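Predicted model only: the values in this text are computed from it and were never measured. For ligands, and for the atoms within them, numbers begin at 1 and follow the listed sequence. Below, each value reflects all heavy atoms present in this structure, side chains not excepted, and no hydrogens, waters or symmetry copies.
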Amino acid sequence: MKVEELQHEGLKKWIQEAVALMQPEDVYVCDGSQQEYDAMIKKLVDSGMATPLNPQKRPGCYLFRSDPSDVARVENRTYIASKSQDDAGPTNNWLDPVELKKTMTDLYRGCMKGRHMYVIPFSMGPVGSNIAKIGVEITDSEYVVVNMHIMTRVGKKVLDVLGKNGEYVPCLHSVGKPLAAGESDNGKWPCAPLEKKYISHFPETREIWSYGSGYGGNALLGKKCLALRIASVIARDEGWLAEHMLILKITNPAGKSKYICAAFPSACGKTNLAMLVPTIPGWKVETVGDDIAWMKFGKDGRLYAINPEAGFFGVAPGTNMQSNPNAMRSIEKNTIFTNVGMTEDKDVWWEGIGYDAPGKLIDWKGNEWVQDKNNKAQEPAAHPNARFTAPARQCPVMAPEWEDPNGVPVDAILFGGRRPSIVPLVHEAKNWVHGVFMGSIVGSEITTAALDLKAGTIRRDPFAMLPFCGYHMGDYFKHWINIGKKTTEDKLPKIFFVNWFRKTADGKWLWPGYGENSRVLAWIFERCDGTGKAVDTPIGYMPTIDAIQRPEGVSEADMKELLAVDIEGWKKEIADIRENHYPKFGSKLPKELWDELDAIEKRLQK
Ligand code: O2Y
Ligand code: MN
């Protein structure tokens with residue numbers, strides 16, 4: 001489709017300005033069709049950037065290898081450029097928006113020389129839903145176009161909803177570095193060096209400018225940039241919630257269903273929980289979303305959630321038929337793999353796929369690779385952040401209502417983290433503000449030394465939103481408290497804290513996790529239904545010892561440990577929050593949360 005054919009004058013003008021600045025060879029407006037996807041894939045295959053996988057084993061699947069320097073989100077190059085630094089808060093990188101636009105305009109000047117410009121109109125959420133938002137991404141990356149086709153709803157139908165003057169979030173993206181005359185990317189993954197990468201958000205004007213990276217969250221701008229960082233600001237202003245949460249549906253043996261949203265820091269098995277296969281007979285879990293939830297109040301005063309995405313951008317390593325059979329089935333066809341290993345017969349392989357590498361592989365860097373199980377220091381065949389991009393509709397347990405434009409009514413919200421001690425298997429907030437407190441103290445043990453933290457320390461990641469909140473986290477906590485005042489407590493979701501990662505003193509797992517987590521979900525279901533048995537404790541409501549059916553291999557003593565309140569441990573936890581965590585948010589930390597901290601401390605002292 002041509003730019004001249006667009007009905008929306010504002011959009012046309014913005015594209016023309018981008019063309020004048022970036023100077024692409026030509027411009028193409030995406031229509032979202034299958035032919036368009038196929039043509040784009042053909043171009044990527046012809047250039048050598050995509051490798052078609054075995055059509056018998058992986059029909060419609062392609063492998064990409066990124067530049068070794070462009071393999072993940074770049075948090076230290078991600079900016080919230082609000083007018084005032086205080087609005088971005090102490091946990092975001094901030095740059096003055098005028099200065100940043102100057103710097104980036106210079107980088108964008110001529111950056112698409114020798115490349116095509118693609119204009120991708122996309123909807124986050126079912127097209128036309130009143131919870132959905134429209135974005136338009138301008139990019140010079142065909143890889144981005146095909147991934148956006150899977151992860152969002154793209155094309156003509158979106159332009160129809162946008163009409164002549166509808167609102168959209170402009171998202172500018174370039175992989176960076178112009179091509180010299182006659183030069184081509186020639187199968188290479190173009191990107192800029194780290195110091196020239198910018199993933200920038202302008203919250204007041206609702207704009208996203210990304211430069212220099214072609215990978216995942218840096219480049220697929222509908223996901224973390226729009227659906228979380230910009231949407232969190234819109235949600236604050238409009239009175240709803242844009243959250244880093246999965247959405248699942250759980251049905252009991254009597255056929256009654258509830259909907260649960262859950263937030264976990266990375267590496268806590270969020271996609272696995274979203275697609276969980278229950279081990280308790282008669283229970284069923286279905287998926288609505290695996291990463292992001294937008295929640296708005298319905299006319300009945302309840303919160304309704306939609307998954308704004310249309311696909312999964314999941315971590316491949318560790319995904320296998322035991323950990324997540326539904327993800328494995330979702331990626332059997334029509335899937336884009338990035339930075340995984342490739343077998344001789346052109347299938348995919350990664351560490352933790354559940355079987356040994358079958359012979360010689362090509363690793364994610366494009367080199368021959370033979371598994372050496374005696375060499376613990378062997379470089380992996382797949383990058384640890386290797387990804388699959390798969391259409392959500394291919395997941396065998398997608399809930400039929402996953403695209404309901406009205407969303408699903410939320411019964412429970414879960415927070416969790418990787419906590420080997422102190423935090424019990426599950427506990428329930430006494431009320432909404434206590435639940436907000438729980439969200440505000442989310443943290444996970446870091447398993448390997450990373451950044452400036454040593455292995456074994458707890459990295460706090462409130463609401464699992466630290467890298468994704470587009471404004472001051474103190475204001476964000478306050479927004480959550482205010483949401484609770486918009487309706488009555490009985491209509492609000494109940495809030496729980498779960499921890500699948502408890503260990504014994506000698507380092508063994510106390511809880512088997514995976515499908516067995518359905519036992520905890522069943523108790524949460526029953527609590528929402530008014531039946532689950534609980535005791536009131538200083539940290540919240542907790543299941544009685546017989547309220548959760550014990551899985552095989554978990555002794556009664558283990559269960560007691562999993563469900564005990566570690567008074568001394570919690571006193572230390574409270575002290576850590578008081579001395580190290582809450583002060584980070586300065587005067588914007590809501591008084592209600594300090595009060596909650598005091599109240600828990602008092603209850604622990606009794
Ligand atoms: O590394 C990236 O660019 C992807 S990050 C990501 C992808 C899917 C879901 N969640 C995340 C995340 O970082 O939370
Ligand atoms: Mn995520």
Side-chain angles (χ1 to χ4, degrees), residues 64-78 124 139 141 143-144 147-148 150-152 173 175 189 191 194 197 199 208 210 212-229 231-232 242-247 261-275 287 289-294 307-319 324 327 330-331 335-340 350 364 382-392 395 414-418 442 444 446 450-451 459 461-470:
F64 290 80
R65 296 188 193 100
S66 79
D67 185 275
S69 70
D70 198 23
V71 291
R73 289 187 295 102
V74 282
E75 284 183 20
N76 59 344
R77 304 296 304 170
T78 299
M124 297 311 290
T139 182
S141 161
Y143 173 82
V144 166
N147 275 272
M148 288 293 282
I150 296 176
M151 293 304 296
T152 72
H173 172 253
V175 291
W189 178 283
C191 62
L194 186 64
K197 289 190 202 317
I199 320 300
I208 300 162
S210 168
S213 168
Y215 198 87
N218 304 325
L220 313 178
L221 301 185
K223 193 173 178 61
K224 303 299 184 182
C225 299
L226 195 163
L228 289 176
R229 298 195 190 96
S232 62
E243 299 303 322
H244 189 202
M245 290 183 180
L246 65 85
I247 313 168
C261 291
F264 300 91
S266 54
C268 288
K270 210 164 128 196
T271 302
N272 297 349
L273 182 65
M275 299 178 187
T287 313
D290 81 325
D291 194 39
I292 299 174
W294 285 355
N307 168 11
E309 303 191 277
F312 307 121
F313 190 64
V315 179
T319 305
N324 195 338
S330 306
I331 59 177
T335 297
I336 292 170
F337 293 92
T338 308
N339 288 345
V340 301
W350 48 75
W364 72 278
H383 186 278
N385 194 36
R387 296 274 165 172
F388 54 78
T389 320
C395 176
L414 273 47
F415 297 110
R418 204 172 256 278
V442 164
S444 229
I446 54 166
L451 303 171
R459 185 179 8 215
D461 181 0
F463 292 77
M465 277 291 278
L466 211 53
F468 305 119
C469 184

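Among protein heavy atoms, the minimum distance from atom 3 (O) of ligand 1 is reached at Gly217 N, 2.8 Å. Nearest protein heavy-atom neighbour of atom 9 (C) of ligand 1: Asp291 OD2, 3.1 Å. Scanning all protein heavy atoms for the shortest distance to atom 7 (C) of ligand 1 gives Arg387 NH1, 3.0 Å.
Not close to ligand 1: Phe312, with no non-hydrogen atom less than 4.0 angstrom away.
Side chains of Asp291 and Lys224 form a contact here, defined as non-hydrogen atoms less than 4.5 Å apart. Contact check for Ile292 versus Phe468: no side-chain heavy atoms found under the 4.5 Å cut-off. With a 4.5 Å cut-off on side-chain heavy atoms, Asp70 and Lys197 count as touching. Residues Ser444 and Asp461 are not in side-chain contact: their nearest non-hydrogen atoms beyond the backbone lie 4.5 Å or more apart.
Atom numbering of ligand 1 starts at 1 in the shown order; those under 4.0 Å from a heavy atom of Lys223 are 7 (C), 8 (C), 9 (C). Heavy-atom proximity to Phe468, at under 4.0 Å, picks out these atoms of ligand 1: 12 (C), 13 (O), 14 (O). Listed by number with element, the atoms of ligand 1 under 4.0 angstrom from any heavy atom of His244 are 14 (O).
For a threshold of 3.5 Å applied to N or O pairs, the pair formed by Arg73 and ligand 1 contains at least one separation below that value. Polar contact check, Lys224 against ligand 1: a nitrogen or oxygen pair lies under 3.5 Å apart. Residue-to-ligand polar distances keep Gly216 apart from ligand 1: every N/O pair is separated by 3.5 Å or more.
Taking 2.8 Å as the criterion, Ile292 does not count as a coordinating residue of the Mn ion (ligand 2), since none of its N, O or S atoms falls below it.
No donor-acceptor distance shorter than 3.5 angstrom exists from the side chain of Asn272 to the backbone of Asn324, with no hydrogens or angles considered. When atom types are taken as modelled, the side chain of Arg229 and the backbone of Pro467 share a donor-acceptor pair closer than 3.5 angstrom. For Trp350 (side chain) and Thr319 (main-chain N/O), a donor-acceptor pair under 3.5 Å exists by modelled atom type.
If you look at Asn385 next to ligand 1, the close heavy atoms, those under 4.0 Å, all belong to the side chain.
The Mn ion (ligand 2) sits nearest to atom NE2 when only the N, O or S atoms of His244 are considered. Residue-level check: among N/O/S atoms of Asp291, OD1 sits closest to the Mn ion (ligand 2).
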Checklist line | side-chain hydrogen bond (donor to acceptor under 3.5 Å, both in side chains) between Tyr143 and Thr338, worked out | finding: CA-CA 10 Å; Tyr143 173 82; Thr338 308; 2.7 Å; yes
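The minimum heavy-atom distance between Glu309 and Met151, with the atom names listed, is OE2-CE, 3.3 Å.
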